[in-house]
Number of protein chains: 2
Amino acid sequence: MKLSPRIESFVMHCGEMGSRWGFNRTIGQIMGLLVMSEQALSANEIGETLSISRGNVSMGIKELQSWRLVNVQHIAGDRKDYYLPSGSIWELANRIFEERSKREIDPTLSLLRDSLLDEPSNQHEEYALQQMDEIHDLLETLTKWARELQSVSPEKLTTLMKLGSGVVKMLDFKDKVVKSSKH
Amino acid sequence: MKLSPRIESFVMHCGEMGSRWGFNRTIGQIMGLLVMSEQALSANEIGETLSISRGNVSMGIKELQSWRLVNVQHIAGDRKDYYLPSGSIWELANRIFEERSKREIDPTLSLLRDSLLDEPSNQHEEYALQQMDEIHDLLETLTKWARELQSVSPEKLTTLMKLGSGVVKMLDFKDKVVKSSKH
DNA sequence: CTAAACGTTCAGAAATTATTGAAAGTTTAG
DNA sequence: CTAAACTTTCAATAATTTCTGAACGTTTAG
């Protein structure tokens, strides 16, 4: 499949950014390609378009499935697997976010939880544990916040995001209302 | 410098997580070590404690400085540079967040902006550009949100975070108040 | 001025990660 | 059952990233 220059440069960009987004070049390219394509693509089409081996496509798709970013589609009378993004751009971003906190935050949180069970045993540990405790708190708050936002409907989330720092003004507003109702 | 088992395992964990957080093992370890240490450390102390070469420490510190995560401290009558984290845990997390969006989002945003200037030139591009546009929107909203939250004071941000999905209930609350005031 | 005590750089070596392609596994049409 | 059309796996290889240590630069004490 030949890509237009513009689409090709987007796909290649996804490759370059791949490792920053948490996967590797090939996987970035595959995802970029699938997102750009209106039809689901077969493994062969993907491999030919990106000039990568059949085996590599298979591994890449497997990884993307573990991130819940692609789904398989079957076409009646055709034995091939056709791959497509598992949802809208919004949903994909959400999954990446979720999956990344699982990989980047959860392990640390669990280490810190264990580590903080015992009392400090000397001067150095006193300070170190204090620091660990702060990190622990921060991460707990972050994941709690993230988890709760996951359960909010996309529309409300959009409203919230569009509001930006207006959220803070709203906080003040609520404070005022609550206070004045106490009088 | 000999570390207690608990501190050592935290530092090693930072090493393992390093690449997931956007840097590499050594850099993760150095940062972990500095965060655990009440006193600023010299390059030699860092290298000896972590068993890494002098050159590697130098490069690691340089990288951490480019992330604005460590500062240098000088002690009168001592020629050595002493390194320490550039702020509280909260501030460090903030900087990592900021720096990562710079590296993970900005380049894509700029590619998309350019790419979306011209009209689609065929059927495939029509769909592809629509997708690019959605990604563009999402990233713009995200960065705007992030930028605005950066300008909010830590205390208010803490209140906001502790509130969690309560924020959404507040949205409803505001709606109600606004609506009822229209009667 | 010299030597010691630092920090920095960078070419080559080592370690890690990604990729290929051949072999093996699976499914289905005939 | 067999062959064809697929997918998956994995050992070997290639590419990339990280690390070392020697060479070099700078500053200052004596």
Side-chain angles (χ1 to χ4, degrees), chain A residues 1 11-12 14-34 39-67 70-84 103-104, chain B residues 1 11-34 40-67 70-84 103-104:
Chain A
M1 201 175 37
V11 172
M12 292 304 120
C14 292
E16 285 152 29
M17 299 302 285
S19 56
R20 298 194 188 176
W21 295 338
F23 12 85
N24 68 34
R25 183 174 47 213
T26 305
I27 293 176
Q29 288 178 356
I30 295 177
M31 196 62 214
L33 180 62
L34 292 178
Q39 284 82 40
L41 302 176
S42 71
N44 270 332
E45 285 172 311
I46 294 170
E48 278 164 32
T49 307
L50 302 176
S51 315
I52 57 183
S53 74
R54 195 59 194 65
N56 203 4
V57 173
S58 181
M59 294 199 297
I61 292 285
K62 194 173 141 202
E63 177 75 3
L64 284 169
Q65 284 172 328
S66 88
W67 283 73
V70 302
N71 284 156
V72 184
Q73 192 176 65
H74 288 282
I75 293 178
D78 188 337
R79 282 210 237 150
K80 287 200 215 52
D81 288 351
Y82 288 88
Y83 303 99
L84 75 173
R103 292 162 200 234
E104 297 174 9
Chain B
M1 201 176 38
V11 173
M12 293 302 121
H13 174 83
C14 292
E16 285 152 28
M17 298 302 284
S19 56
R20 299 193 187 178
W21 296 339
F23 12 84
N24 67 35
R25 181 172 49 209
T26 307
I27 292 176
Q29 288 178 356
I30 295 176
M31 196 64 214
L33 179 61
L34 291 179
L41 302 176
S42 70
N44 270 331
E45 285 172 312
I46 295 170
E48 277 164 31
T49 308
L50 302 175
S51 314
I52 57 184
S53 74
R54 198 56 196 64
N56 202 5
V57 174
S58 181
M59 296 196 296
I61 292 286
K62 195 173 139 200
E63 176 77 3
L64 285 169
Q65 283 172 328
S66 88
W67 283 73
V70 303
N71 284 157
V72 184
Q73 193 176 66
H74 288 281
I75 294 178
D78 189 336
R79 284 211 239 147
K80 288 201 212 53
D81 289 351
Y82 289 89
Y83 304 99
L84 75 174
R103 291 159 201 237
E104 296 174 10

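What's counted below: heavy atoms across the whole structure, side chains too, no hydrogens, waters or symmetry copies. Each chain gets a letter, A, B and so on, in the order its sequence line appears, and its residues count up from 1. Computed from a predicted structure; not experimentally measured.
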| said: For a quick test of reading the model: is some side-chain N or O of A/Thr26 closer than 4.0 Å to OP1 or OP2 of C/dT19? | reply: yes
| query | Tell me, do B/Val57 and B/Leu50 make a side-chain contact under 4.5 Å, heavy atoms counted? | reply | no
| query | Can you name the nearest heavy-atom pair linking B/Gly28 to B/Cys14, along with the distance? | reply | O-CB, 3.3 Å
| field | Sugar-phosphate only, base, or nothing, as touched by B/Asp81 at under 4.0 Å among non-hydrogen atoms | value | sugar-phosphate
| field | Rounded interatomic separation in angstrom, taking CD from A/Glu45 and C1' from D/dT7 | value | 16 Å
| said: Rounding to an integer number of Å, can you tell me how far A/Asn24 CG sits from C/dT19 C1'? | reply: 10 Å
| query | CG/A/Leu64 to CG/A/Asn71 distance, rounded to the nearest 0.5 angstrom? | reply | 11.0 Å
| What's the shortest heavy-atom distance between B/Gln73 and B/Ala40, and which atoms? | OE1-CB, 3.4 Å
| Heavy-atom contacts under 4.0 Å between residues 70-78 of chain B and DNA chain D, which residues? | none
| Heavy atoms, side chains only, cut-off 4.5 Å: are A/Val72 and A/Tyr83 in contact? | yes
| For A/Ser58, all residues meeting side chain to side chain contact (heavy atoms under 4.5 Å, CB included), sequence neighbours excluded | A/Arg54
| request: Starting from P on C/dC6, measure out to CD1 on B/Ile61 and report it in whole angstrom. | output: 16 Å
| request: Identify the two heavy atoms, one from B/Lys80 and one from B/Ser42, that lie closest to each other, and give their separation to 0.1 Å. | output: CD-CB, 3.6 Å
| task | Check DNA chain D against residues 49-56 of chain A and give the residues with a non-hydrogen atom under 4.0 Å, in numerical order. | result | A/Arg54, A/Gly55
| said: Can you confirm whether B/Met1 sits close enough to B/Asn44 that some side-chain heavy atom of one is under 4.5 Å from a side-chain heavy atom of the other? | reply: no
Could you list the protein-to-nucleotides 3-5 of chain C atom pairs, N/O on both sides, closer than 3.5 Å?
from  : atom 1 : to      : atom 2 : distance (Å)
C/dA5 : N3     : B/Arg79 : NH1    : 3.1

| query | Separation of B/Leu41 atom CG from C/dG7 atom P, in whole Å? | reply | 13 Å
| request: Whole angstrom is fine here: how far is it from CD1 in A/Ile30 over to P in D/dT7? | output: 13 Å
Under 3.5 Å between N/O atoms: give me all the protein pairs with nucleotides 11-16 of chain D, atom names plus distance.
none

| Side chain proximity check, A/Leu41 to A/Tyr82, heavy atoms < 4.5 angstrom | no
| said: Please find the pair of heavy atoms, one from A/His74 and one from A/Asp81, that lie closest to each other, and give the distance. | reply: CE1-OD1, 2.8 Å
| message | Whole angstroms only, please: what is the CG-P distance between A/Asn44 and D/dA4? | response | 17 Å
| request: Starting at atom CD of A/Glu63, determine the distance to atom C1' of D/dT9, rounded to an integer number of angstrom. | output: 15 Å
| query | Which sits closer to the 5' end of DNA chain D, A/Gln65 or A/Ser19, going by the nucleotide each is nearest to? | reply | A/Gln65
| Distance test, side-chain N/O of B/Lys62 to OP1/OP2 of C/dG7, below 4.0 Å | no
| request: Find the distance between CD1 (B/Ile46) and CD (B/Glu48) and round it off to the nearest 0.5 Å. | output: 11.0 Å
Show every donor-acceptor pair shorter than 3.5 Å between a side-chain atom in residues 16-27 of chain A and any protein atom, with sequence neighbours excluded, or say none if there are none.
from    : atom 1 : to       : atom 2 : distance (Å)
A/Arg20 : NH1    : B/Arg103 : O      : 2.9
A/Trp21 : NE1    : B/Glu104 : O      : 3.0
A/Asn24 : OD1    : A/Thr26  : N      : 3.1
A/Asn24 : OD1    : A/Ile27  : N      : 3.0

| query | Below 4.5 Å, heavy atoms only, C-beta onward: do B/Val70 and B/Met31 meet side chain to side chain? | reply | yes
